[in-house]
Protein chains: 2
Amino acid sequence: MLTANQAAQQLGMSVHTVRYYANQGLIPNLQRDAHNQRQFDTAALNWLQACQYLRQSGMSIHDLKQYVALCQTGATTLPTRHAMLVALAQQAQARVVAAQQQVAYIQQQLACYDHDEQTAQADILNPSNWTTPAATAANIDRQNNR
Amino acid sequence: MLTANQAAQQLGMSVHTVRYYANQGLIPNLQRDAHNQRQFDTAALNWLQACQYLRQSGMSIHDLKQYVALCQTGATTLPTRHAMLVALAQQAQARVVAAQQQVAYIQQQLACYDHDEQTAQADILNPSNWTTPAATAANIDRQNNR
DNA sequence: AGCTTGCTTGAGAGTAACTCTCAAGTGCTA
DNA sequence: TAGCACTTGAGAGTTACTCTCAAGCAAGCT
């Protein structure tokens, strides 16, 4: 049995967030002790961790509430839950690609700087002189298809 | 010369966001016409696009303001700006890895479902039965090192 | 000229998901 | 008995938008 603080530490999140999730009803059957303090057993910790990961994966609190409710309704809601997770995975996959493009975009500006550092006449790291994101995206596409 | 609305459309962002950025001072020397309407020339559009991409890459509005100020100060601030971009690229790279882990985590839960769909006794897509994120992370590490 | 439609403006309220502060209550130790 | 560490709920603050509103102006129709 862990307190809110201990549960938070174990999962590397803030105690504020743990209480926030609990107050939002994201942890079913969360027990309290005689002094009204939250008690996290293994099941509660499991839910908390799932909330943490689904949030990090891009599911909103609103959708998380729905998901929890569906879980509590029972196995008849399995297809719905499955669809939610498939959509979530697609979103997360899109974020992988987006983040890759962002890295490439920044590194492209940096490459200009590193190359011209000594002889730079123009102000390289000034947006008005930047290569376009479109050009960066095209570069990434080229790399991915190679 | 474009209006706020036209500039927004060209860059695929909302006109609200464009005005927000302009009000935050992120677009230096933004002109107005006789009726006080914003006029986006090529330079302004360039700044707007840079703001869009730096924001998407994870730079906060606060840091963006600083970056714009540094650009306006001149080439003496190049090393500072370079350092900011290097840090930003690192953050974006971290997000690539995180997003990959999130995809893998969700797909791992989905794989359980797909495998046991016919014979499922347990409620597969219920967090209390989920494989741990730690296990997922380990799997990804294994794939990356392979 | 009058009216409508469609754009713009600033001001300000609303949103998500925390994040922080506060006062009050409890338990443990010196 | 005091002090410190910890918990609680309530509520304010934060970021980066996002939306609503009333007011202003411009062009087109009647």
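Note: hydrogens, waters and symmetry copies are ignored here, and every other heavy atom, side chains too, is used. Sequence lines set the chain letters: A, B, ... in the order given, protein chains first and strands last, and positions in each chain run from 1.
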Review point. Residues in side chain to side chain donor-acceptor pair (under 3.5 Å) with A/Gln24, at least two apart?
Key: A/Lys65

Check your understanding: Is a side-chain N or O of A/Arg95 found less than 3.5 angstrom from the main chain of A/Ser57, in a donor-acceptor match?
Key -> yes

Going by atom type alone, with no hydrogens or angles, which donor-acceptor pairs under 3.5 Å involve a side-chain atom of residues 35-43 of chain B and a protein atom two or more places apart or on another chain?
residue: B/Arg38; atom: NH2; partner: B/Asn23; partner atom: OD1; Å: 3.0
residue: B/Asp41; atom: OD1; partner: B/Ala43; partner atom: N; Å: 3.4
residue: B/Asp41; atom: OD1; partner: B/Ala44; partner atom: N; Å: 2.9

Practice item. Please list all pairs passing the side-chain hydrogen bond (donor to acceptor under 3.5 Å, both in side chains) test where one or both residues lie in residues 85-94 of chain B, with sequence neighbours left out. Key: none

Practice item. Could you list the residues that satisfy side-chain contact (heavy atoms from CB on, under 4.5 Å) with A/Thr80, not counting sequence neighbours? Key: A/Leu70

Review point. Quick one: on DNA chain C, does B/Asn5 or A/Ile61 contact a more 5' nucleotide (nearest heavy atom)?
Key: B/Asn5

Exercise for review: Give me the residues of residues 13-21 of chain A where at least one heavy atom lies under 4.0 Å from an atom of DNA chain D, by number, or none.
Suggested key: A/Arg19

Point to revise | Set of side-chain contact (heavy atoms from CB on, under 4.5 Å) partners for B/Asn46, sequence neighbours left out | key: B/Gln49

Exercise for review: Identify, with sequence neighbours excluded, every residue that meets side chain to side chain donor-acceptor pair (under 3.5 Å) alongside B/Arg55.
Suggested key: none

Practice item. With sequence neighbours excluded, tell me which residues meet side chain to side chain donor-acceptor pair (under 3.5 Å) with B/Ser14. Key: B/Thr17

Review point. First contact, last contact: which nucleotides of DNA chain D are these for chain B, 5' to 3', heavy-atom distance under 4.0 Å?
Key: D/dA16 to D/dA26

**Study point:** Close approaches to DNA chain D from residues 33-42 of chain A, in residue order (heavy atom, under 4.0 Å)
**Key:** A/Asn36, A/Gln37, A/Arg38

Practice item. Quick one: list whatever passes side-chain contact (heavy atoms from CB on, under 4.5 Å) with A/Gln72, sequence neighbours left out. Key: A/Pro28, A/Val68

